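Atoms within a ligand are numbered from 1 in the order they appear, just like the ligands themselves. All of these numbers come straight from a predicted model, not from anything done at the bench. Residue numbers run from 1 in the order of the sequence given.
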Amino acid sequence: MGRLLALTFTYLAYMLAIAIASERQQHRVQHGPCSYTFILPEVEHCHPLKDFQVTNILQRDSPPEAEPDTSQTKESKAQKERPSWQERKLQSLESAMENNTQWLQKLENFINENVRSGVEEIKRTAVHTQTAAMLEMGTNLLSQSAEQTRKLTDVETQVLNQTSRLEIQLLEYSLFTNRLEKHILLQTQEISRLSDKNSFLEQRLLTLEGRYGRELKGLQSEKQQLQELLERQSQLVSQLQHELGSSSLNSTLLQRQQAMLTDTVQQLLAVANHCNEISNMPKEEPLSFRDCAEILRSGVKESGIYSIRLHNSTQTVKVFCDMKTRGGGWTVIQHRRNGSVDFHRGWRDYKTGFGESSGEHWLGNDIIHELTSSQDYSLHVQLRDREGNEAYSHYDHFYIDGEDKNYSLHAEGFSGTAGRTSSLSHAGSQFSTKDRDNDRCTCKCAQLASGGWWFDACGPSNLNGIYYPASSSVVRYNSIKWYYWKGPNVIATMTTMMVRPANF
Ligand SMILES: *[C@@H]1O[C@H](CO)[C@@H](O)[C@H](O)[C@H]1NC(C)=O
Ligand SMILES: *[C@@H]1O[C@H](CO)[C@@H](O)[C@H](O)[C@H]1NC(C)=O
Ligand SMILES: *[C@@H]1O[C@H](CO)[C@@H](O)[C@H](O)[C@H]1NC(C)=O
Ligand SMILES: *[C@@H]1O[C@H](CO)[C@@H](O)[C@H](O)[C@H]1NC(C)=O
Ligand SMILES: *[C@@H]1O[C@H](CO)[C@@H](O)[C@H](O)[C@H]1NC(C)=O
Ligand SMILES: *[C@@H]1O[C@H](CO)[C@@H](O)[C@H](O)[C@H]1NC(C)=O
């Protein structure tokens, strides 16, 4: 390449020398940023050069000078001097010229080629480097964008996290609020209920106050009446004292009369005894049995109806005596069997008794009281259900008070098979009927449960309830009841209450 270039320059210098000395026929060669112009010799006006030599002078294009005028004149002079040499010279120059031209063309081609390939290479390398740079930049950008994306994602997740946390908090708050609301609602309801109750209580208090006020007034008036009564009584007492004083004088007289009468009576009795002994009349049956136990002891072993005379009384009473059960001697005070007798009766009926001793009956509260208060009695309650099962409840000690205490019940020492717990009410329960309510219920047990009984509130038993003969699973509140035997469902078809001295 270097040699080629040197050669080229040599040639160019030579051509330039020629061109300077010849007419202006210019060839231009572009090499990179520089352009070179060659002035080639023209054949017609060519002068033979005396001392032609190739100088190694490279000359830049320069504006035309005035010199060529002189050289032209010189050339024309030489032409005139050597015409034959000129012709030869011309030929050789022409071939050289030809060669040069060809060579030049080749050179040009070569240069062109080289330049083009160089340029292309430069372009290619430039493109490569640019592409590489671009790629690098691209990768940089990509990595940067990836980084950014990652950061963005982080931020996003954080934001999401925060949002979700906030949402959860919000949810919790709303839940809490709901709960509070509910609580408040409940409280409000409670408050309203309480205020309702309060107003109700106030009303009740007012009515009670009114009632008590009225009662107080009534009591005051009663007190006044009592005071008046007291005054009258005291007057009466003083009057009576007066009378007593006068009558005490008379009493001695009366005593004397009485003594005389007693003497007379004793004499009469002696006479009568004498008469009895003489006539030897048959002894009368002494109707002085106090109860069935005494009748049994007297030798009677048959169950049936017998007369007894109550203690302190001349009244005789027909009673049914059970001489079989647990040794016999039982005086029956109540009996149910087939529902033929109505037991839903008033106070008077229960006081005096009703029904026939041979069938269903109630002996009478007065009689039961007389009987059971004269000595210590035990009570035996005999029951039978629909299937014929029998059971009993036994009380070692039993009595009832008089009417002044509303025939209050006293039963102790419970035992038996009709329930492990006593079905009779507490000791002291008063007797109630449909027309006399002495129970401890605000209701009227005798009307609810029917019959007459020692209802408590209204208690677990009532053997004087309604007799339901038909079998039924319906729980009837007013039926015959002995709760702790078999509960509310089982209705007894037979009941007997009977008493016997406790020491029998
Ligand atoms: C022209 O070139 C040829 C070969 O390339 C050479 O033989 C010949 O002598 C040259 N002519 C001149 C006048 O230089
Ligand atoms: C949300 O943030 C909390 C605390 O800032 C952190 O404990 C928890 O792991 C995060 N959860 C998620 C899904 O990023
Ligand atoms: C004694 O009794 C009689 C008749 O009962 C009566 O008339 C008389 O006044 C009485 N005597 C006195 C002192 O009270
Ligand atoms: C029964 O007789 C006794 C005395 O034996 C007597 O104390 C009692 O008051 C009498 N009771 C009645 C109800 O008459
Ligand atoms: C109930 O029993 C009594 C006594 O045995 C009897 O006289 C009466 O006819 C019976 N009544 C009914 C409805 O069975
Ligand atoms: C008995 O009952 C009547 C009303 O039924 C009642 O006025 C009276 O106070 C009662 N007697 C007793 C001692 O409770």
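By the 6.0 Å contact criterion, CD on Q375 is enclosed, its count of non-hydrogen atoms from other residues, nucleotides or ligands being greater than 12. At most 12 non-hydrogen atoms from other residues, nucleotides or ligands lie less than 6.0 angstrom from CD of Q258.
No donor-acceptor pair closer than 3.5 Å links the side chain of E360 to the backbone N or O of H335. Under the 3.5 Å distance criterion, the side-chain polar atoms of W347 are left unmatched by any main-chain donor or acceptor of R436.
Annotation: Q430 places an N or O atom under 3.5 Å from an N or O atom of ligand 6; distance criterion only. Some N or O of N438 is nearer than 3.5 Å to an N or O of ligand 6, by distance alone.
Partners of L310 by side chain to side chain contact (heavy atoms under 4.5 Å, CB included), not counting sequence neighbours, listed by chain and number: I308, S313, Q315, V317, I367, E370, L371. Residues passing the side chain to side chain contact (heavy atoms under 4.5 Å, CB included) test with D349, sequence neighbours excluded: R345, F354.
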Report every pair formed by an N or O atom of ligand 5 and a protein N or O atom separated by less than 3.5 Å, giving atom names and the distance to 0.1 Å.
residue, atom, partner, partner atom, Å
ligand 5, 2 (O), N338, ND2, 2.3
ligand 5, 5 (O), R337, NH1, 3.0
ligand 5, 11 (N), N338, ND2, 2.9
ligand 5, 14 (O), N338, ND2, 2.9

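Interface atoms of ligand 6 facing D404, defined by a heavy-atom separation under 4.0 Å, are 13 (C). Below 4.0 Å from some heavy atom of N406 lie the following atoms of ligand 6, by number and element: 1 (C), 2 (O), 3 (C), 8 (C), 10 (C), 11 (N), 12 (C), 14 (O).
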Determine all donor-acceptor pairs shorter than 3.5 Å in which one atom belongs to a side chain in residues 224-237; sequence neighbours excluded.
residue, atom, partner, partner atom, Å
S234, OG, L230, O, 3.1
S234, OG, E231, O, 2.6

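The SG atoms of C441 and C458 lie 2.5 Å or more from each other.
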